[in-house]
Participant: 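This is the structure I want to talk about, given as structure tokens.
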Amino acid sequence: MRIYKDIFTGDEMFSDTYKMKLVDDVLYEVTGRLVTRKIGDVTLEGANPSAEEALEATDEGVESGVDVVLNHRLAETYAFNDKKAYTLYLKDYMKKLVAKLEEKSPGEVESFKSNMSKAMKDIIGRFKDLQFFTGESMDIDGMVALLEYRDIDGDSVPILMFFKHGLDEEKF
């Protein structure tokens, strides 16, 4: 299993147990599911909880939400009340990413900048449909993940977006 962590805060953002897609070599799209479970339970994709456990959920407190958010303790942030505030954050964050990339892989910087510019325009164009999540530390100087609900086969499916170059991958 691989865990993806924010390079600036060390917060766990997601794992490879979810369906993932890399878009334009800059953005991971991670497909989540809406779940209801006992508070504190963590169920990874592919696990098969018993019917007894489902019945026990009524005895204790339950929580509902997107599995990726719950399992990796992401915290919703309301720091971006308009496009301008988010754009300022994004520009600052991208400068920090470029500086990190220049240290690690200077040859990738130009393709990163052009691909990221395209991705940023697309994201900002959908601003009103997005929710924003930080890692467990709630440090807004790190990565702010994006959540968007998309209509897939008539269902509203939560898709989380994470910037590839802002993540460290750890194998377990």
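Here the structure is a predicted model, which is why all the values come from computation and not from measurement.
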Participant: Taking the side chain as C-beta and beyond, is there a heavy-atom pair between T77 and I140 under 4.5 Å?
Facilitator: yes
Participant: How long is the straight-line distance from CD of E136 back to CG of D11, given to the nearest 0.5 Å?
Facilitator: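 With rounding to 0.5 Å, CG (D11) is 6.5 Å from CD (E136).
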Participant: Just wondering, do V23 and K21 contact through their side chains at under 4.5 Å, heavy atoms?
Facilitator: yes
Participant: With heavy-atom distances below 4.5 Å as the criterion, would you say the side chains of L27 and N115 are in contact?
Facilitator: no
Participant: I need the minimum non-hydrogen distance between A85 and A79, along with the two atoms involved.
Facilitator: CB-O, 4.4 Å
Participant: Evaluate whether atom CE of M138 has more than 12 neighbouring non-hydrogen atoms of other residues, nucleotides or ligands under 6.0 angstrom away.
Facilitator: no
Participant: Rounded to the nearest 0.5 Å, how far does CD of E29 lie from CG of L146?
Facilitator: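 Answer rounded to 0.5 Å: 10.0 Å.
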Participant: So, taking the atom named OG in S64 and the one named CG in L70, what distance separates them when rounded to the nearest 0.5 Å?
Facilitator: 8.0 Å
Participant: Do we see a donor-acceptor contact under 3.5 Å between the side chains of D139 and T9?
Facilitator: no
Participant: Please name the pair of heavy atoms, one in I3 and one in S15, separated by the smallest distance, quoted to 0.1 Å.
Facilitator: CD1-CB, 3.7 Å
Participant: Between the main-chain N or O of V144 and the side-chain N or O of Y89, is there a donor-acceptor pair closer than 3.5 Å?
Facilitator: yes
Participant: Can a donor-acceptor pair be found, under 3.5 Å and without considering hydrogens, that links the side chain of S105 to the backbone of L101?
Facilitator: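 No, the answer is negative, given that no donor and acceptor are paired below the 3.5 Å cut-off.
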Participant: Taking D141's backbone N and O only, do any of them form a donor-acceptor pair with K96's side chain (distance below 3.5 Å, no angle check)?
Facilitator: yes
Participant: Taking atom CG of N71 and atom CD of E12, what is their separation to the nearest 0.5 Å?
Facilitator: 9.0 Å
Participant: Side-chain contact test, heavy atoms from C-beta onward, threshold under 4.5 Å: evaluate it for L97 versus F8 and give yes or no.
Facilitator: yes
Participant: Once you measure the plane-to-plane angle for H72 and Y18, does it fall in the parallel (<30°), tilted (30-60°) or perpendicular (>60°) bin?
Facilitator: perpendicular
Participant: Count the heavy atoms of every other residue, nucleotide or ligand shown that sit under 6.0 Å from NZ of K118, and state whether that count exceeds 12.
Facilitator: no
Participant: Less than 4.5 Å apart, side chain to side chain, heavy atoms only: is that true for M13 and K5?
Facilitator: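 A side-chain contact is absent here, since even the closest heavy-atom pair is not under 4.5 Å.
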Participant: Is there a side-chain contact (heavy atoms from CB on, under 4.5 Å) between Y149 and V66 once you walk through the steps?
Facilitator: CA-CA 11 Å; Y149 287 87; V66 177; 3.6 Å; yes
Participant: Is the backbone of R33 close enough, under 3.5 Å, to the side chain of D67 for a donor and an acceptor to pair up by distance?
Facilitator: yes
Participant: Are any of the side-chain heavy atoms of M20 and Y4 separated by less than 4.5 Å?
Facilitator: yes
Participant: Are L34 and V68 connected, step by step, through hydrophobic side chains (Ile, Leu, Val, Met, Phe, Trp, Tyr) whose heavy atoms are closer than 4.5 Å?
Facilitator: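 Yes: a chain of side-chain contacts under 4.5 Å links L34 to V68.
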Participant: May I have the list of side-chain donor-acceptor pairs in residues 124-133 shorter than 3.5 Å, sequence neighbours left out?
Facilitator:
unit_1 : atom_1 : unit_2 : atom_2 : d
R126   : NE     : E148   : OE1    : 3.4
R126   : NE     : E148   : OE2    : 2.9
R126   : NH1    : D122   : OD1    : 3.2
R126   : NH1    : D122   : OD2    : 2.4
R126   : NH2    : E148   : OE1    : 3.3
Q131   : NE2    : E76    : OE2    : 2.9

Participant: Quick one: pull up OG in S117 and CZ in F112 and give me the separation to the nearest 0.5 Å.
Facilitator: 10.5 Å
Participant: Which donor-acceptor pairs under 3.5 Å do the side chains of residues 157-172 make with protein atoms, sequence neighbours left out?
Facilitator:
unit_1 : atom_1 : unit_2 : atom_2 : d
K164   : NZ     : D25    : OD1    : 2.6
E169   : OE2    : R2     : NE     : 2.5

Participant: About how many Å separate CG of L90 and NZ of K95, when rounded to the nearest 0.5 Å?
Facilitator: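 Taking NZ in K95 and CG in L90, the distance rounds to 11.5 Å.
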Participant: Would L22 end up clustered with I7 when hydrophobic side chains under 4.5 Å apart are linked, directly or stepwise?
Facilitator: yes
Participant: Looking at D6 and G142, would you say the former's side chain and the latter's main chain have a donor-acceptor pair under 3.5 Å?
Facilitator: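 No, the answer is negative, given that no donor and acceptor are paired below the 3.5 Å cut-off.
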Participant: Would you check if T36 and E63 make a side-chain contact, meaning some heavy-atom pair closer than 4.5 Å?
Facilitator: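 T36 does not reach E63 side chain to side chain.
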